[in-house]
Amino acid sequence: MTIRARFAPSPTGYLHIGGARTALFSWLHARKHGGKFVLRIEDTDLERSTAESVNAILEGMTWLGLEYDEGPFFQTHRFDRYREVIQRLLDEDKAYYCYCTREELEAMRAEQMARKEKPRYDGRCRARTTPREGVEPVVRFRNPADGVVVVEDLIRGKVVFQNSELDDLIIARSDGSPTYNLTVVVDDLDMTVSHVIRGDDHLNNTPRQINILRALGAEPPVYAHLPMILAEDGAKLSKRVHGESVSVIQYREEGYLPEALLNYLVRLGWSHGDQEVFSLEEMVTLFDIKDVNNSASSINPSKLLWLNQHYIMQSPVEHIAHHLSYHLGKLDIDPSHGPDILEVAKVQQERAKTLVEMAEMSSYFYHDFAEFEEKAAKKHLRPVAAEGLAKVRDALAALEDWTAENIYQAVVTASETLELKMGKVAQPLRVAVSGRAATPSIDITLYLVGKEACLRRIDRALDYIAQRESAA
RNA sequence: GCUCCUAUCGUCUAGCUGGUCAGGACGCCGGCCUCUCACGCCGGUAACAGGGGUUCGAGUCCCCUUGGGAGCGCCA
């Protein structure tokens, strides 16, 4: 049997972190077994589905690199097929028309709740043979009244449901459109899906789907229900309370590498001994859906950040430069004017936790900064620093070859002649040239900023100190 | 309310068929390195939800309680 897994999001928003992990696990399962990964868009809810959401999901999948072998299939394109199946169930008396109005159903539920019973359809239209005037009927599936449904879940093990707990669910609305539980079953069947890997929240739907499947004379696929991903505060992830931080694309905008997010996600509910870092290839070979945990996990932003930094450090510099260029662009910086972006990326690789941070801390390489960081200037651009600064300035101005090595020598020589520790000269110099107290090593920093800009900025710092002195 | 799922450091987790000083990672704290920041290195912090069983022995198996989550829609 060839393995066929699928990811079936409904396009009612962007691709969120939980959906991304579900997609990843399903994708990994398919890849590991040399199977196929199918993408299906569950857009039968015409009210809430949007084309923008479809695009956002596809964009998210592409950015993560979770390419699909088939699809995207749209359920809205398959209505004829669903109608056919519904008709067949009706013909075989495995489904029936229900003429209850929404009001009646609501009243029934309210009564049941009042009696502390589980709200469920009581089957009052099961035996009805005549239509009701003025009511467009829905179609209900005739669920077996007794016996049990056993879900053999790859993650949960055997889960048993009593048929008596299940009611006759609606498979077609009064306008004839099919509902979720019907479309899922038909699609998984038609698309010969062998493994349904999805969120835990669907576990309770599974016995209903199995019953429909059996009524259709089919055998159920293999199920694997993934534990939920909770927000940092342990609450359910929601756009309303957690904002954009649940959107995959938002992570891209905030300077995360897709491989870091993927690595972070794969460790949520899954592990392989003590290993923390996994390349995509390793995930594919090491991942086993059976090893997935069964309890929910909360997302931990600081660990994601750590992984992101790890990947920024480990990646080839070209790869980082490519991403850095995107984020510099967002800051209105054109990296073609200024130092080689490869060199910038190289020196910043181990200092930035995100690419956004890297872009921000690299801006002074490309243009003069507006003003000195207040704290840095206060601490380092003091009158006592003026002499050292002036001395280095002259030494730097005299340099014929603007190389990191020569710059380093100039700084060392200046501090030695003044009998100062190197830091006493380097720190003011750093602030003068970059506007801030933390940069790559002083020689590289000056080298990348360039001779002309360095001298100009040192003069500016000297003016600043003089002004400060006269003000005092 | 009913049904289902679930429970190891703050967080992610290891702990296969019962015997470990309950391990790793992130974070946090301290130290080293050092021109700053960061990296790196060294060290520290911190957990088996509670209660019953089974057993010579339970984080591990069973039951109960409590906590958390999901579902109970003409949403998916």
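The sequence lines fix the lettering, A, B, ..., with proteins before strands; numbering per chain opens at 1. Computed from heavy atoms alone, side chains included, the values below leave out hydrogens, waters and symmetry copies.
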Show your reasoning for whether salt bridge (charged side-chain N to carboxylate O under 4.0 Å, His left out) applies to A:Arg6 and A:Asp187. CA-CA 10 Å; A:Arg6 44 71 154 189; A:Asp187 286 347; over 6 Å; no

Output, in order, the C-alpha distance, side-chain angles, deciding distance and verdict of salt bridge (charged side-chain N to carboxylate O under 4.0 Å, His left out) for A:Arg81 and A:Glu84. CA-CA 5 Å; A:Arg81 170 62 178 148; A:Glu84 182 187 313; 3.0 Å; yes

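Positionally, the nearest nucleotide of RNA chain B for A:Val159 lies more toward the 5' end than for the other of A:Val159 and A:Ser177.
Applying the side chain to side chain contact (heavy atoms under 4.5 Å, CB included) rule to A:Asn205 yields the partners A:Tyr180, A:Asn181, A:His202, A:Arg208, A:Gln209; only residues at least two apart in sequence or on another chain are considered.
Within the structure, the side chain to side chain donor-acceptor pair (under 3.5 Å) test picks out the following pairs touching residues 374-385 of chain A (sequence neighbours left out): A:His380-A:Gln427. Among residues at least two apart or in separate chains, there is no side chain to side chain donor-acceptor pair (under 3.5 Å) pair with a member in residues 414-424 of chain A.
For residues 430-438 of chain A, proximity to RNA chain B is found at A:Arg430, A:Ala437, A:Ala438, defined as any non-hydrogen atom under 4.0 angstrom from a strand atom.
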Indicate for each nucleotide in nucleotides 43-48 of chain B, in 5' to 3' sequence, whether protein heavy atoms under 4.0 Å reach the base (B), only the sugar-phosphate (S), or nothing (-). ------

Reading nucleotides 15-33 of chain B 5' to 3', which nucleotides get B (base under 4.0 Å from a protein heavy atom), which S (sugar-phosphate only), which -? --------BBBBS------

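Between A:Phe287 and A:Phe25, the ring centre distance stays below 6.0 Å.
Cation-pi contact between A:Arg457 and A:Phe369: absent, since separation from the ring centre below 6.0 Å together with deviation from the ring axis within 45° is not met.
Side-chain atoms of A:Ser434 and A:Thr439 form no donor-acceptor pair, as typed in the model, at a separation below 3.5 Å.
A salt bridge is absent between A:Asp167 and A:Lys118; no separation between the charged side-chain nitrogens and carboxylate oxygens falls under 4.0 Å.
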